[in-house]
Amino acid sequence: MSAKMYTTEEIPALLHERGINATFQRLEIARVMFTRGGHFSAEEVFTLVNGEQPHVSKATVYNTLGLFAETGLIHQVIVDPTKVFYDANTQPHHHFYNVSTGTLSDINAHNVSITGLPPLPEGVQMEGVDVIVRIRHNKKAESSAA
């Protein structure tokens, strides 16, 4: 269920398959997303791409992540209006969002059963259902660990 990992050498072809011009900046952002796996905020991608020497602007990171999501290369997971993650795993799955730690983790889609969805409005088709289960550390567990 995890995202397919790619080598640095495979990434230009991956972008080309989606009609994305493989600029240096896009290749660097794709390298972070497809060689590491996981869920990243745009800020984390910006930091990982630039390391010690900034060479990709914040605007380019945001725009490229948006382009990757628009073309289906990655999935955008909006856990609240101020927190968005980007996920290279585009297979059907859901997420736990730990509000105590700010981390996102996968839930296998086979472990979730959804029933009782309302009828769809006329002229549309379902694209998918995203389930985000918000969790937090138990206050008792936190105080007993101290």
Side-chain angles (χ1 to χ4, degrees), residues 1-138 141-142:
M1 186 199 58
S2 62
K4 180 180 181 332
M5 303 300 274
Y6 293 89
T7 66
T8 301
E9 294 75 27
E10 294 172 314
I11 291 174
L14 177 67
L15 297 183
H16 180 74
E17 288 170 10
R18 301 295 174 124
I20 299 172
N21 185 22
T23 64
F24 169 78
Q25 294 90 343
R26 289 175 179 168
L27 290 169
E28 288 295 299
I29 294 164
R31 182 185 52 75
V32 167
M33 293 301 302
F34 296 109
T35 64
R36 293 172 178 259
H39 308 94
F40 301 102
S41 69
E43 290 292 326
E44 290 168 325
V45 173
F46 176 75
T47 300
L48 291 167
V49 164
N50 287 305
E52 301 282 321
Q53 185 97 358
H55 54 274
V56 178
S57 74
K58 196 174 282 192
T60 297
V61 170
Y62 277 92
N63 290 337
T64 299
L65 290 171
L67 174 65
F68 287 1
E70 183 181 305
T71 59
L73 266 179
I74 62 175
H75 184 69
Q76 190 178 52
V77 182
I78 303 170
V79 296
D80 73 40
T82 64
K83 188 72 171 174
V84 178
F85 289 93
Y86 296 90
D87 187 357
N89 181 0
T90 58
Q91 298 301 309
H93 69 288
H94 305 289
H95 295 95
F96 283 118
Y97 175 62
N98 188 323
V99 296
S100 300
T101 63
T103 57
L104 196 66
S105 56
D106 290 345
I107 302 172
N108 190 311
H110 298 295
N111 294 338
V112 176
S113 175
I114 300 170
T115 61
L117 291 174
L120 298 176
E122 192 171 321
V124 300
Q125 64 184 27
M126 184 177 301
E127 186 172 300
V129 175
D130 296 322
V131 174
I132 299 172
V133 179
R134 286 169 181 77
I135 59 175
R136 77 173 56 249
H137 290 289
N138 186 331
E142 285 178 359

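This is a predicted model, so every value here is computed, not measured.
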Roughly how far, to the nearest 0.5 Å, is CZ of Arg136 from OG1 of Thr101? 10.5 Å
Would you please name every residue forming a side-chain hydrogen bond (donor to acceptor under 3.5 Å, both in side chains) with Gln25, sequence neighbours left out? none
For Leu65 and Ile74, which heavy atoms make the closest approach, and how far apart are they? O-CD1, 3.6 Å
Roughly how far apart are Met5 CE and Met33 CE, rounded to 0.5 Å? 10.0 Å
Taking all atoms of both residues into account, what is the closest heavy-atom pair of Tyr97 and Leu104, and its distance? CB-CD1, 3.9 Å
Check each of Ile107, Asn111, Asn108 against His94 using the side chain to side chain contact (heavy atoms under 4.5 Å, CB included) test, and report the only one that passes. Ile107
Side chain to side chain contact (heavy atoms under 4.5 Å, CB included) evaluation trace for Asp87 with His93: CA-CA 11 Å; Asp87 187 357; His93 69 288; 2.8 Å; yes
Without swapping roles, check the side chain of Arg31 against the backbone of Val49 for a donor-acceptor pair under 3.5 Å. no
With under 30° as parallel and over 60° as perpendicular, where do the rings of His39 and His95 fit, or are they tilted in between? perpendicular
Do the non-hydrogen side-chain atoms of Thr60 and Thr23 ever get within less than 4.5 Å of each other? no
Say you draw a straight line from CZ of Phe46 to OG1 of Thr64; how long is it, rounded to the nearest 0.5 Å? 12.5 Å
Taking Arg26 for the side chain and Asn21 for the main chain, is one N or O donor matched with an acceptor at less than 3.5 Å? yes
Testing the basics here: between Ile29 and Val56, what is the closest heavy-atom pair and its distance to 0.1 Å? CD1-CG1, 4.2 Å
Under 6.0 Å from the ring centre and within 45 degrees of the ring axis: does the NZ or CZ of Lys4 meet both conditions for the six-membered ring of Tyr6? yes
How many angstroms lie between atom OG1 of Thr71 and atom CD1 of Ile20, to the nearest 0.5 angstrom? 3.5 Å
Could you walk me through whether Phe40 and Leu48 pass side chain to side chain contact (heavy atoms under 4.5 Å, CB included), step by step? CA-CA 10 Å; Phe40 301 102; Leu48 291 167; 3.7 Å; yes
From Leu15 CG over to Glu10 CD, what is the distance, rounded to the nearest 0.5 angstrom? 12.0 Å
State, yes or no, whether a side-chain contact exists between His75 and Tyr86 at a heavy-atom distance under 4.5 Å. no
Nearest heavy atoms of Ala22 and Leu27, plus distance in Å: O-CD1, 3.7 Å
Quick one: CD on Glu70 to CG on Asn63, what's the gap to the nearest 0.5 Å? 10.5 Å
Closest non-hydrogen contact found for Val61 with Ala42 is CG1-O, 3.6 Å
Test side chain to side chain contact (heavy atoms under 4.5 Å, CB included) applied to Arg18 and Leu67, step by step: CA-CA 10 Å; Arg18 301 295 174 124; Leu67 174 65; over 6 Å; no
Heavy-atom pair with the smallest gap, counting every atom of Val32 and Arg36: O-CB, 3.4 Å
Using side chain to side chain contact (heavy atoms under 4.5 Å, CB included), reason through Phe24 and His55 one step at a time and then give a plain yes or no. CA-CA 10 Å; Phe24 169 78; His55 54 274; 3.3 Å; yes
